[in-house]
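Structure, as structure tokens:
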Amino acid sequence: MDNVNMNEIGYKSDEQDLFKKREADALAIADSISDGIYITDKNGVVTAINKAFTEITGIKAADIVGKNMQQVWNNVVLNSDPAFIEIKPEDKANAFDMFNNGKKKTLKTRKPCSIALLVLKEKKPISVLTTIDRMNKRVLITGTPFLDEDKNVVQVLTIIKDLTELFVLREKLEEVEKEKAKYLSEIKNLKKDIKERQLYKDLISKSSSMDKVIKLIENVSKTDATILITGETGVGKEVVARTIFKNSKRANGPYIRVNCAAIPENLLESELFGYEKGSFTGASQNGKLGLFEMANNGTILLDEIGEIPVKLQPKLLRVLQEREIKRIGGTSNIKIDVRVIAATNLNLEDEVKKGNFREDLYYRLNVIPIELPPLRERKEDISLLVYNFLGKFNKAYGKTKDFDITALEILENYSWPGNVRELENSIERLVVIGDEHLITRNTILSVLGQDKFYEASTETIDGTLKEAVDKFERNILEKTLKSCGSTYKAAKILGITQSTVVRKAKALGITEW
Ligand SMILES: Nc1ncnc2c1ncn2[C@@H]1O[C@H](COP(=O)(O)OP(=O)(O)OP(=O)(O)O)[C@@H](O)[C@H]1O
């Protein structure tokens with residue numbers, strides 16, 4: 001610990017001896033502790049500092065010892081510290097929280113000044129939290145007065161506790177806590193997501209157009225409204241109907257699917273509405289429960305509704321209007337509580353115009369229309385469907401097949417006229433056929449047929465055969481080069497040499513990929 005020559009500050013020699021003796025021990029102890037210490041006399045002159053004081057404040061003994069704190073403050077400290085936050089002695093243990101909450105104006109802030117001088121003035125212990133900017137430190141400074149018998153301050157002991165590391169740790173802890181909270185909420189959301197997706201697990205999609213459909217499904221599932229699902233063959237109309245059923249309050253009731261196109265016209269009526277015993281030649285002696293009755297308290301899907309014979313349409317209209325059926329040969333009406341979902345790949349408005357479908361029945365069915373877009377209009381769904389089907393069929397056939405990037409690209413670019421059904425069947429074939437682990441573009445072309453994937457190039461071409469062939473070649477070469485990014489890889493995929501790829505690309509004017 002560095003201290004001042006006692007003569008210089010006016011101590012008598014016997015006082016000096018006593019003082020020095022006592023101090024010698026105290027100073028040795030002071031140097032060994034990690035808190036910064038400085039002592040000022042009753043005039044505010046610094047009489048001693050310890051080593052930690054210099055380490056924490058950067059102020060050397062020569063700059064401070066023997067000098068008045070006001071002078072030191074003016075020369076060294078002033079302008080470097082922001083406002084002091086005063087901490088009551090009893091709050092010192094909670095200095096961290098005090099500092100963080102200090103910005104909340106609940107704590108008294110003081111104009112930066114020398115704590116020793118402040119203690120001299122106010123004659124009481126004072127603690128402040130502040131920063132020493134030039135040392136990049138956060139500190140708790142506590143000044144304690146030593147009073148004589150007349151309550152005059154004879155000395156001030158100021159201790160500077162370096163809290164920087166603790167603050168850094170505290171901040172890190174807070175960051176970790178925040179991260180933890182973020183992850184916990186993410187996990188919660190994920191679980192919620194998975195739970196929600198569970199309801200839609202049969203309906204795989206990520207396209208925005210299918211998102212809209214899912215939103216609509218969510219909204220209509222909870223109602224009993226009649227729904228008409230339209231869309232090309234294989235787009236997933238049945239999947240949507242089943243999803244609505246599973247999410248409805250009728251989920252525990254029956255779900256009956258009737259393919260109106262698959263049942264012969266003369267049988268459809270008895271299938272739908274049932275018959276009383278002996279009501280017609282060949283009828284069962286016990287009569288028969290119709291599908292509407294079987295679906296009571298549940299849901300009936302009238303698939304391929306566009307195919308329902310005109311003769312039967314008034315009877316169906318009556319069921320929708322009155323919510324009751326009459327069995328063939330029966331005399332009484334039977335009340336039924338069935339939610340009706342109809343699906344078709346025909347344009348029912350056209351069928352109405354052609355006279356094949358009753359307009360009133362169309363309106364009764366079309367209360368909530370759900371139109372499913374064809375797969376070619378939601379290409380974003382293809383990769384997700386591909387990998388889902390790949391997983392499904394790998395599991396089913398005990399395989400571990402995978403697609404390479406060129407394979408996925410060719411699948412994404414195909415127009416899939418048979419929609420998801422065609423895609424699903426294609427993936428099944430690709431998994432079943434062949435032993436190679438990796439399904440490549442070539443595998444697809446050979447298993448599923450070249451022609452179908454080159455349909456885009458079979459459009460009518462004006463010009464000579466050579467021009468048509470060139471266009472076709474350029475198309476294939478360009479796409480392959482773009483998808484794999486190298487002439488070597490393209491050569492491998494297309495089954496030609498790399499020099500042929502380079503020569504053809506040059507001849508066909510393909511310069512970038
Ligand atoms: N979004 C989807 N996610 C997963 N599988 C789907 C999806 N859409 C359709 N499928 C699958 O595709 C096949 C055809 O679907 P679905 O029978 O629902 O089509 P559809 O539109 O009713 O066809 P159709 O008009 O020929 O009756 C089914 O095996 C079904 O599981």
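Only a predicted model underlies this, so the values are computations on that prediction, with no experimental measurement involved. All ligand and atom numbering here is 1-based and tracks the order in the structure.
- Side chain of Lys222 to backbone of Ser248: no donor-acceptor contact under 3.5 angstrom is found.
- Without hydrogens or angle criteria, Ser221 side chain to Ile217 main chain gives a donor-acceptor distance under 3.5 Å.
- Within the listing of ligand 1, atoms 8 (N), 9 (C), 15 (O), 16 (P), 18 (O), 19 (O), 20 (P), 21 (O) sit less than 4.0 angstrom from a heavy atom of Gly236.
- Close approach of ligand 1 to Leu203 is summarised as follows: ligand atoms under 4.0 Å from at least one heavy atom of the residue are 1 (N), 3 (N).
- The option from Glu424, Glu422, Arg421 that lies nearest to atom 14 (C) of ligand 1, judged by heavy atoms, is Arg421.
- Judged by distance alone, the side chains of Asp162 and Thr164 do bring a donor and an acceptor atom under 3.5 Å apart.
- In summary, the side chains of Thr487 and Gln498 do present a donor paired with an acceptor at a separation below 3.5 Å, with no hydrogens or angles considered.
- When every heavy atom of Leu365 is checked against every heavy atom of Thr226, the shortest pair comes out as O-CG2, 3.6 Å.
- Residue Gly234 places at least one N or O, backbone or side chain, under 3.5 Å from an N or O of ligand 1.
- Judged by distance alone, the side chain of Arg474 and the main-chain N or O of Leu508 form a donor-acceptor pair under 3.5 Å.
- Ring-centre distance between Tyr362 and Phe357: not below the 6.0 Å cut-off.
- Among protein heavy atoms, the minimum distance from atom 1 (N) of ligand 1 is reached at Ile204 O, 3.0 Å.
- Close approach to Glu304 involves these atoms of ligand 1, each under 4.0 Å from a residue heavy atom: 27 (O).
- Where the criterion is an N or O separation shorter than 3.5 Å, residue side chain and backbone included, Val235 meets it with respect to ligand 1.
- Below 4.0 Å from some heavy atom of Val420 lie the following atoms of ligand 1, by number and element: 6 (C), 7 (C), 8 (N), 9 (C), 10 (N), 11 (C), 12 (O).
- The shortest contact between atom 26 (O) of ligand 1 and any protein heavy atom is with Thr233 OG1, 2.7 Å.
- Nearest non-hydrogen protein atom to atom 30 (C) of ligand 1 is Val239 CG2, 3.5 Å.
- Counting only distance, with no hydrogens or angles, the side chain of Gln313 and the backbone of Ile308 share a donor-acceptor pair below 3.5 Å.
- Heavy atoms from both the backbone and the side chain of Lys237 come within less than 4.0 Å of ligand 1.
- Interface of Leu385 with ligand 1, defined as ligand atoms under 4.0 Å from a residue heavy atom, comprises 2 (C), 3 (N), 4 (C).
- A cation-pi geometry, defined here as NZ or CZ lying under 6.0 Å from the six-membered ring centre and within 45° of its normal, holds between Arg138 and Phe167.
- Taking every non-hydrogen atom of Asn345 and a distance limit under 4.0 Å, the qualifying atoms of ligand 1 come out as 25 (O).
- Of all the atoms in ligand 1, the ones that sit under 4.0 Å from a non-hydrogen atom of Asp202 are 2 (C), 3 (N), 4 (C), 5 (N).
- Using modelled atom types, one finds a donor on one side chain and an acceptor on the other under 3.5 Å when comparing Thr497 with Ser499.
- Protein heavy atom closest to atom 22 (O) of ligand 1, with residue, atom name and distance, is Glu238 N, 3.0 Å.
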